[in-house]
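First comes the structure, then the notes that go with it.
We name chains A, B, ... by the order of the sequence lines, and we start the count at 1 in each one.
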Amino acid sequence: MNLTLKIWRQKDASAKGQMVDYKVNDISEHMSFLEMMDVLNEQLVNSGEEPVAFDHDCREGICGMCSLYINGEAHGPDRGITTCQLHMRMFKDGDTITIEPFRAAAFPVIKDLVVDRMAFERIQQAGGYISVNTSGNTQDANSLPISKHAADEAMDAATCIGCGACVATCKNSSAMLFVGAKVSQYALLPQGQVEAADRVKNMVAQMDLEGFGNCTNTGACEVECPKGISLDNIARMNRELMKASI
Amino acid sequence: MATLDSKVPKGPIKDKWTDYKNKINLVNPANKRHIDIIVVGTGLAGGSAAATLAELGYNVKAFAYQDSPRRAHSIAAQGGINAAKNYQGDGDSTYRLFYDTVKGGDYRSREANVYRLAEVSANIIDQCVAQGVPFARDYGGLLDNRSFGGVLVSRTFYAKGQTGQQLLLGAYSAMNRQIARGKIEMFNRHEMLDVVKVDGKARGIIARNLITGEIERHSAHAVVVATGGYGNVYFLSTNAMGSNVTAAWKIHKKGAYFANPCYTQIHPTCIPRSGDYQSKLTLMSESLRNDGRIWVPKSLEDVKAIREGRKKPTDLSEDERDYYLERRYPAFGNLVPRDVASRAAKERCDAGYGVNATGEAVYLDFAAAIERYGKEQAKIHNIENASDAKIYELGQAIVEAKYGNLFQMYEKIVDQNPYKTPMMIYPAVHYTMGGVWVDYNLMTTVPGLYCIGEANFSDHGANRLGASALMQGLADGYFVLPYTIGDYLADDIRTGKIPTDTKEFDEAEKEVKAKIDFFVTNKGTKSVDYFHKKLGKVMWDKCGMSRNEKGLKEAMAEIKTIREEFWKEVSVPGTANEMNPELEKAGRVADFLELGELFAKDALTREESCGGHFREESAELDGPQKGEAKRNDKDFAFVSAWEYKGEPADAVLHKEELEFKDIELKQRSYK
Ligand SMILES: Cc1cc2nc3c(=O)[nH]c(=O)nc-3n(C[C@H](O)[C@H](O)[C@H](O)COP(=O)(O)OP(=O)(O)OC[C@H]3O[C@@H](n4cnc5c(N)ncnc54)[C@H](O)[C@@H]3O)c2cc1C
Ligand code: SF4
Ligand code: FES
């Protein structure tokens with residue numbers, strides 16, 4: 001198929017960006033979206049132009065590196081996947097595709113489609129861990145049975161890949177789904193109880209400091225989240241926060 | 001020829017590690033504050049090492065090319081992690097894990113290292129659970145296990161199909177705690193481009209800030225390289241796009257020997273290639289082989305009909321299918337080790353039985369498992385005379401619970417529903433057993449320079465068993481390196497900060513800058529990918545699943561030619577002082593182009609078949625093992641450690657003889 005791409009180009013963080021049009025031809029429906037971007041970039045390199053910078057690494061939906069806001073949707077039109085898992089069979093010949101970076105005040109653009117997600121790092125550093133040193137004489141793993149239900153629920157929360165699609169999708173640029181997922185993972189496990197109160201307070205305080213917006217329960221984040229992180233995690237975080245404040 | 005000192009402690013294998021720990025030098029807590037350690041790479045190996053070293057009190061500087069440690073390629077590991085816990089009571093033990101790993105590696109690994117790995121494996125699970133890693137559990141709340149290829153016990157711990165992700169997030173959380181305390185300084189989006197040696201010791205690195213392009217100097221008392229494997233030398237592999245050999249290769253050029261580069265693991269269960277635009281290959285976890293049966297049609301007519309779309313695989317009766325692994329290896333069936341399964345698939349496809357348009361695909365079929373589980377469930381739920389549809393529904397639910405995310409991933413890529421029609425799979429490059437040579441302390445041949453995780457060569461011999469890489473990465477980082485590095489650093493407590501304004505740093509930086517300047521000013525005509533793909537094709541065709549003398553010699557010559565063309569014709573747009581992904585790729589491909597030639601040379605030198613390295617000249621000619629790989633212990637029971645001497649073809653071979661005192665050398669038989 002032949003496509004027109006409208007892509008955000010921005011030289012660096014301080015430059016003013018703009019949308020630029022490109023054409024790509026003979027795109028196979030079996031290609032992944034990023035392979036289509038590779039074709040474009042190869043074309044640009046061969047004509048001596050600068051290729052479009054975008055983040056990616058694993059290309060199998062797990063590292064959380066890829067981003068892209070495609071036709072107005074984080075990770076594009078398909079559901080339950082990341083941009084790198086999006087395939088061209090979702091598009092048709094003659095389509096015009098708009099490709100922008102994830103936009104949020106807390107995610108400044110570094111170059112073209114690459115954004116800075118260090119705010120997520122700082123939130124995790126504020127409390128996204130259990131304080132246990134490596135010693136080699138931690139208690140035997142099976143001495144602490146955990147119900148399958150709790151373990152499975154913790155696992156569901158823990159599958160967040162830290163991509164930031166929830167933030168990019170939210171009209172308030174709220175990071176509640178991301179933070180809620182991490183708080184929930186530990187809140188659901190006995191190991192996480194000791195530090196539960198401090199953890200949720202510190203992570204939420206850092207989130208506010210980073211300039212993410214408030215949650216107004218629109219639920220858009222859950223829809224676009226590639227890993228199906230559910231809104232229950234936000235509710236659980238709010239409960240944890242309440243508990244911690246009394 | 002120089003002999004390598006592996007520094008394996010004396011004494012019985014069971015006591016080596018304990019005795020060693022009792023006797024080594026320690027650094028007292030107050031002195032650790034005066035010691036800096038650089039850790040390059042923050043995957044399972046580097047991440048766990050950085051966190052543990054910081055907990056101990058050292059000042060750690062950690063580097064990764066991604067924007068967060070959480071994105072290292074370890075995140076992609078699906079299936080699980082081994083540990084000799086014997087929670088299932090099925091006869092597992094430290095010795096058995098040790099034995100399986102040495103045998104699985106086709107007797108080309110160092111016994112003492114492997115034993116230590118098996119010994120600390122149980123600690124890893126305890127540590128990870130304490131960190132909040134949500135491993136799968138059974139209804140009694142205890143940890144669940146699955147079995148993996150090449151072994152007869154269930155010792156693999158897992159977190160759905162995302163074990164690597166959860167383990168890495170555990171190590172990442174431990175790192176975050178230390179970053180918050182200021183004990184780890186994290187350098188995301190930084191790439192190490194060289195190591196700096198002072199008086200023969202590793203004392204720092206040169207790194208490029210990938211956002212600004214700035215070249216930076218960082219000093220430390222020791223440097224740890226944990227930068228993962230080099231499978232991307234094949235262009236197409238299951239590795240992440242950025243996975244590279246650069247750090248490992250740069251230290252090789254500065255004196256670290258490179259061991260067994262030709263030992264590559266080609267994983268049997270990957271999604272087949274679909275076209276020339278393909279940028280990477282996707283693994284389908286090996287755990288699928290627990291329930292999936294591998295087959296191709298028995299007759300070439302059926303193959304033709306399937307390729308032309310006249311028949312569907314589900315149209316073929318049991319009699320018309322060749323379950324070739326079950327046929328050839330009745331004892332292990334679909335669970336033979338990876339190298340054996342991959343070669344068997346290639347054998348069938350080379351004979352014309354491949355089931356897709358490219359002729360490079362075999363089936364992985366879940367119909368039997370769905371039926372078996374369905375019947376089991378019907379019994380459990382007391383459903384009498386359950387209809388086929390009901391059985392199917394019940395069985396599908398179990399298969400979905402076990403492998404749901406993998407099935408979904410497959411469907412998104414291939415656009416076929418694997419519950420309804422068998423998956424198509426084909427082998428792909430997945431893991432590199434070879435890597436930087438290290439001694440028992442995980443130190444390279446350069447003092448103060450360590451190498452851990454997939455980047456080193458140490459524990460997997462010529463073939464790695466499933467679920468053992470995660471184990472090794474975390475063993476190295478949490479439990480081995482933090483001890484062994486102390487022994488070395490004990491001499492550095494009075495050294496003081498290492499200055500970076502010295503001639504050694506000047507020179508290293510100059511060299512790095514010159515290369516970058518070359519790339520951005522060279523007015524070539526071809527993209528970096530052009531060369532990478534060309535290299536990949538030579539590697540796959542001539543250094544792939546089976547190798548021979550003629551092909552390997554050609555490969556060496558061809559790679560050299562591609563390299564020469566690269567240095568003339570490569571074109572890198574943009575400048576040095578900005579984010580420039582093409583420039584990053586150029587540097588990585590330049591190193592692959594050197595490694596590739598050494599790889600072929602190593603494969604040429606090893607005139608035997610062992611593990612993932614299959615030399616056509618060395619196969620059993622008759623008897624029950626006819627056609628199987630033939631190892632030659634008399635002449636080749638050694639590690640090939642290569643010393644850099646300018647051109648890759650001029651590398652000098654040093655042999656570390658392998659001694660097997662605790663395991664008898666046998667032909668691996670999975671029949
Ligand atoms: C798809 C897939 C599935 C797998 N499944 C399993 C499994 O189920 N069980 C199992 O045991 N093993 C599995 N493996 C193998 C295992 O995941 C890897 O061997 C292991 O995770 C490697 O860990 P590592 O820490 O050595 O390196 P990596 O995780 O690859 O980390 C490398 C680190 O080095 C950094 N880096 C690289 N180069 C540079 C540079 N020049 N400068 C600065 N930083 C650099 C990167 O940023 C990264 O942080 C799988 C592998 C793949 C590809
Ligand atoms: S919650 Fe979902 S969308 Fe948000 S960062 Fe995690 S995986 Fe991405
Ligand atoms: S590139 Fe890793 S999730 Fe998309």
_Side chain, backbone, both or neither of B:L281 within contact of chain A (heavy atoms, under 4.5 Å)_ = backbone

*Quick one: of B:R70, B:Q408, B:Q278, who has the most non-hydrogen atom pairs under 4.5 Å with chain A?*
B:R70

*Which distance, rounded to the nearest 0.5 Å, do you find between the CG of B:L143 and the CD1 of A:I146?*
7.5 Å

*asked:* Does any backbone or side-chain atom of B:Q127 lie under 4.5 Å from a heavy atom of chain A? Answer side chain, backbone, both or neither.
replied: both

*asked:* Just to verify, which of B:R71, B:Q66, B:K280, B:H73 counts as forming a side-chain hydrogen bond (donor to acceptor under 3.5 Å, both in side chains) with A:D57?
replied: B:Q66

_Please check: side-chain N/O of A:K111 versus main-chain N/O of B:M579, any donor-acceptor pairing under 3.5 Å?_
yes

*Heavy-atom pairs under 4.5 Å with chain B are the metric here; pick the option from A:G48, A:G162, A:A154, A:G61 that has the most.*
A:G162

_Choice from A:R89, A:K11, A:H30 maximising heavy atom contacts with chain B below 4.5 Å_ = A:R89

*Count the heavy-atom pairs under 4.5 Å between each of A:A13, A:G64, A:A151, A:G127 and chain B, then report the option with the highest count.*
A:G64

*Could you tell me which of B:G164, B:S173, B:G275 has the largest number of non-hydrogen atom pairs under 4.5 Å with chain A?*
B:S173

*Quick check: does any side chain N or O of B:Y87 sit under 3.5 Å from a backbone N or O of A:N142, one acting as donor and the other as acceptor?*
yes

_Option in B:Q178, B:K526, B:M241 with maximal non-hydrogen atom pairs under 4.5 Å from chain A_ = B:M241

*asked:* Tell me the closest heavy-atom pair linking A:V45 and B:S527, and the distance in Å.
replied: CG1-CB, 3.8 Å

*Distance from B:Y530 atom OH to A:E42 atom CD, nearest 0.5 Å?*
10.5 Å

*asked:* So for atom CG, which belongs to A:D93, do other residues, nucleotides or ligands contribute more than 12 heavy atoms lying within a distance under 6.0 Å?
replied: yes

*Is there a side-chain contact between B:E578 and A:D12 (heavy atoms, below 4.5 Å)?*
no

_Heavy-atom proximity to chain B below 4.5 Å, by part of A:D26_ = neither

_Side chain, backbone, both or neither of A:V115 within contact of chain B (heavy atoms, under 4.5 Å)_ = backbone

*Let me know if B:D415 has heavy atoms under 4.5 Å from chain A in its side chain, its backbone, both or neither.*
both

_Could you measure the distance from the CG atom of B:D138 to the OG atom of A:S147? Nearest 0.5 Å is fine._
11.0 Å

*asked:* Please evaluate residues A:E60 and B:T282 with respect to the criterion side-chain hydrogen bond (donor to acceptor under 3.5 Å, both in side chains), reporting the C-alpha separation (whole Å), side-chain torsions for both, the decisive distance (0.1 Å), and the verdict.
replied: CA-CA 7 Å; A:E60 49 188 73; B:T282 303; 4.5 Å; no

*Would a 4.5 Å heavy-atom cut-off, applied to side chains only, mark A:I130 and B:Q131 as touching?*
no

*Go through the atoms of B:E584 and report whether side chain, backbone, both or neither lie under 4.5 Å from a heavy atom of chain A.*
neither

*Which one, B:P581, B:G524, B:A76, leads in non-hydrogen pairs under 4.5 Å with chain A?*
B:A76

_Proximity breakdown for A:D112 and chain B, heavy-atom pairs closer than 4.5 Å_ = neither

_Separation between CD of A:E35 and CG of B:D276, rounded to the nearest 0.5 Å_ = 11.0 Å

*Given B:K85 and A:D140, is the salt bridge (charged side-chain N to carboxylate O under 4.0 Å, His left out) satisfied, shown in steps?*
CA-CA 10 Å; B:K85 278 286 198 186; A:D140 181 80; 2.8 Å; yes

_Do B:M409 and A:I62 have side chains that approach each other closer than 4.5 Å (heavy atoms only, starting at C-beta)?_
no

*Tell me, side chain or backbone of B:V528 under 4.5 Å from chain A's heavy atoms, or both, or neither?*
neither

*Taking the side chain as every heavy atom from C-beta outward, state whether A:D55 and B:R189 have any atom pair closer than 4.5 Å.*
yes

*Please say whether more than 12 non-hydrogen atoms of neighbouring residues, nucleotides or ligands are located less than 6.0 Å from OH in B:Y483.*
no

*Could you check if a side-chain atom of B:K160 sits within less than 4.5 angstrom of a side-chain atom of A:T159, using non-hydrogen atoms only?*
no

*Could you go step by step and tell me if B:S68 and A:F120 meet the side chain to side chain contact (heavy atoms under 4.5 Å, CB included) rule?*
CA-CA 9 Å; B:S68 162; A:F120 271 13; over 6 Å; no

*Using a 4.5 Å cut-off on heavy atoms from C-beta on, say whether the side chain of A:S131 contacts that of B:R177.*
yes

*Specify which of B:V133, B:N123, B:I413, B:I179 makes the most heavy-atom pairs with chain A at under 4.5 Å.*
B:I413

_Contact check, side chains of B:P573 and A:P51, non-hydrogen atoms, under 4.5 Å_ = yes

_side chain to side chain donor-acceptor pair (under 3.5 Å) partners for A:Q185, two or more places apart_ = A:K182

*Against chain A, label B:S74 side chain, backbone, both or neither, depending on which of its atoms sit under 4.5 Å from a heavy atom there.*
neither

*What part of A:L34 is in contact with chain B, defined as an atom under 4.5 angstrom from a non-hydrogen atom: side chain, backbone, both or neither?*
neither

*Residue, of B:Q166, B:E582, B:M175, B:R181, that accumulates the most heavy atom pairs under 4.5 Å with chain A*: B:Q166

*Any chance you could measure A:R59, atom CZ, to B:T238, atom OG1, to the nearest 0.5 Å?*
14.5 Å

*Based on non-hydrogen pairs under 4.5 Å, which of A:H56, A:M118, A:Q191, A:R122 is most in contact with chain B?*
A:Q191

_Value rounded to 0.5 Å, distance of OH in B:Y478 from OG in A:S135_ = 11.5 Å

*Output the option from A:E49, A:E50, A:M155 having the highest count of non-hydrogen pairs under 4.5 Å with chain B.*
A:M155

*Between A:E121 and B:M186, is any pair of side-chain heavy atoms under 4.5 Å apart?*
no

_Going by the rule side chain to side chain donor-acceptor pair (under 3.5 Å), which residues pair with B:D529 if we only count those two or more places apart in sequence or in a different chain?_
B:K585

*Kindly give the heavy-atom pair with the smallest separation between A:A141 and B:I125, and that separation in Å.*
CB-CG2, 3.9 Å

_chain B interface, residue from A:G192, A:G136, A:G128 that has the most non-hydrogen pairs under 4.5 Å_ = A:G136

_Segment of B:Y277 engaging chain A (4.5 angstrom heavy-atom cut-off)_ = both

*Contact part of B:L169 toward chain A, heavy-atom cut-off under 4.5 Å: side chain, backbone, both or neither?*
side chain

